[in-house]
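What follows is a set of notes on a single structure, which appears directly below.
Atom set for the values below is all heavy atoms of this structure, side chains included, hydrogens, waters and symmetry mates excluded. Chain letters run A, B, ... following the sequence lines, proteins first and then strands; every chain starts at 1.
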There are 2 protein chains.
Amino acid sequence: MSKDPELVNDEVHLTTQVVNHIRTLIENGSLRAGDKIPPEREFAKDLKISRASLRAGIGYLAAMGVLNVRHGVGTFVADGPPVVSKSSLSLMGVLHGFKPWQLFEARLILEGSLAALAAERGKEEHHSALAEEVAEMYATVSDPHEYLIHDVRFHRTIAEASGNPILASLMETITGTLYDERRKTVERSRDLKQSAEMHREIYRAIRAKKAVEARDAMERHLRMAETAQVNERAMMSSKRAQQKPRRSKMAEAAKA
Amino acid sequence: MSKDPELVNDEVHLTTQVVNHIRTLIENGSLRAGDKIPPEREFAKDLKISRASLRAGIGYLAAMGVLNVRHGVGTFVADGPPVVSKSSLSLMGVLHGFKPWQLFEARLILEGSLAALAAERGKEEHHSALAEEVAEMYATVSDPHEYLIHDVRFHRTIAEASGNPILASLMETITGTLYDERRKTVERSRDLKQSAEMHREIYRAIRAKKAVEARDAMERHLRMAETAQVNERAMMSSKRAQQKPRRSKMAEAAKA
DNA sequence: GTTGCTCAGTGGTCTGACCTCACACTTCAC
DNA sequence: GTGAAGTGTGAGGTCAGACCACTGAGCAAC
């Protein structure tokens, strides 16, 4: 009990101060989603700090997904669906040895609950949006790439309909990790017809406000999706040879 | 077809290169949890980039919670329980207007599932660890601060027993957001006896490998905890006057 | 043995220059 | 007129080197 310097975590780093400053600007409404923040040079001058320190703070917020930096254009407050740092999970994954099945299990639990909540709270607008996406899925069963887009939108709409943006954002984090890989293997997808069928079941359960059924349907769908993706991955890895060489400024970095 | 650089999202930013480089070092085992990375000056020289750029990459990874930077000491690969960027959620919160009840709902769903999984998969070691914490809780019902420590450890042990570190990390993210506030209001806690009682029920259900009961007990517990915390918060806000003045380098920043 | 100082190592900040990119505007050929 | 090529401007990205601030350990005085 001799030391307890954690209680008063005063803003020691300038980085932290920048973060909190911008956070405050967002809290009091000075900055809203989509807004552009001042140019770095100017902003740094206003804040009476160096551009380097400001950039550290911006970098932090960008890593968190709160800011969106576009080279040559400007830095913007993130809009769109809330995502808790997209690549965060994959980084954590390599560090703690996450297994793919754990990813799927997490998704199963989250989306299952999301579907149940959506069934309880979904409004008309959500129902029609879901119906729209289901229709699009049926219409694109022969175009895997296009299908995937509507697939993602369907799930995202359910997340929105759940009325809990926090859970939605967690789901976005999980699925985002799976998405990159999926985009590469989607070419080999089959049974999209069956997939569309299952989405329709989910939709019907949600529209009927039957939470339990919605959860069950979602879980059935995801279990099948898992199997499918594992198969796709297996097919992929059986023929991979060329690795496009990339000339990176630090290509020959030592192996420590 | 003059340009097609989109397919291979080459590492355009040096920051990204640094991140991927370190990521690779972790993947191939050159760096493990707890390890210290080379000093910035040296590392930057090895990578043939400026220290500023290296720092940008390190900053990103630190924001992600993958690296742990300690002024005057060094930069280390994070160990301890996996956490997806602690402050991320609170940042997202102010941006998208997260409500407290949504936080509790997310926690309810996550921890409920976690408890169910723990009941299915928990090993002897977890059972004994849980028993230990429950005993400590009973022993510290009159010391809120100490009690809170064991409370947190109890939930963390369940998360570990669930066998799914991804879900555990999501839970850690959620509870971490609630924790800061809790630490301030915990003084006013009461009914710790009852709380300990509920933890014991959860423990018994997990030990008996009864998933459904474990989930129910956990949900009951969290619902009560929510009510309690809301009350504590109400008592808190009724008397707050002094706001420790903080001399910040950018204290007088304009309100834009 | 304890206390206090110094010092080396390491991250934190600053400065100001230059590079690269995206976009809008201008110019010119057709 | 209209489209394409060139150019200017403003924004973020990188660099170099200096100096500041913190930590921990070793040394010295007590």
State which residues pass side-chain hydrogen bond (donor to acceptor under 3.5 Å, both in side chains) with B:Gln102; sequence neighbours excluded, sorted by chain then number.
none
With 3.5 Å as the limit, what N/O pairs link the protein to nucleotides 9-11 of chain D?
| unit_1 | atom_1 | unit_2 | atom_2 | d |
| --- | --- | --- | --- | --- |
| D:dG10 | N2 | A:Gly72 | O | 3.2 |

Can you confirm whether B:Arg32 sits close enough to B:Ile26 that some side-chain heavy atom of one is under 4.5 Å from a side-chain heavy atom of the other?
no
Centres of the A:His150 and A:His199 rings: under 6.0 Å?
no
Nearest-angstrom distance from the residue atom CZ of A:Arg55 to P of C:dA17
18 Å
All side-chain hydrogen bond (donor to acceptor under 3.5 Å, both in side chains) counterparts of A:Glu160, not counting sequence neighbours
none
What is the distance from NZ of A:Lys48 to C1' of C:dT13, rounded to the nearest Å?
17 Å
Spacing between B:Arg51 atom CZ and C:dG16 atom P, to the nearest angstrom:
19 Å
Is it the case that the side chains of B:Asn28 and B:Ser30 hold a donor-acceptor pair, with the cut-off being a distance below 3.5 Å and no angle test?
yes
Write down the distance between CG (A:Leu47) and C1' (C:dT13), rounded to a whole number of angstrom.
14 Å
Please round to the nearest 0.5 Å and tell me the distance separating atom CD1 of B:Ile37 and atom CG of B:Leu25.
9.5 Å
Mind checking what makes side-chain hydrogen bond (donor to acceptor under 3.5 Å, both in side chains) contact with B:Arg153, not counting sequence neighbours?
B:Glu133
Distances under 3.5 Å between nitrogen or oxygen atoms of protein and nucleotides 4-8 of chain D:
none

Residue whose nearest DNA chain D nucleotide is more 5′ - A:Ile58 or B:Leu54
A:Ile58
Value in whole Å for how far the C1' atom of D:dC20 lies from NE2 of A:His13:
14 Å
Atom OH of A:Tyr60 to atom P of C:dG12: distance rounded to whole Å?
13 Å
Tell me: CG of B:Leu61 to P of C:dG11, nearest whole Å?
14 Å
Under 4.0 Å: is that the gap between some side-chain N or O of A:Thr15 and OP1 or OP2 of C:dT13?
yes
How many whole angstroms separate atom CD of A:Gln17 from atom C1' of C:dC14?
15 Å
Distance-only criterion, 3.5 Å: show the donor-acceptor pairs between side-chain atoms of residues 51-77 of chain B and protein atoms not counting sequence neighbours.
| unit_1 | atom_1 | unit_2 | atom_2 | d |
| --- | --- | --- | --- | --- |
| B:Arg51 | NE | B:Glu40 | OE1 | 2.9 |
| B:Arg51 | NH2 | B:Glu40 | OE1 | 3.1 |
| B:Ser53 | OG | B:Ser50 | OG | 3.3 |
| B:Arg55 | NH1 | B:Glu40 | OE1 | 3.3 |
| B:Arg55 | NH1 | B:Glu40 | OE2 | 3.0 |
| B:Tyr60 | OH | A:Ser87 | OG | 2.8 |

Atom NZ of B:Lys36: over 12 foreign heavy atoms under 6.0 Å
yes
Short side-chain N/O contact from A:Ser53 to OP1 or OP2 of C:dC14, under 4.0 Å
yes
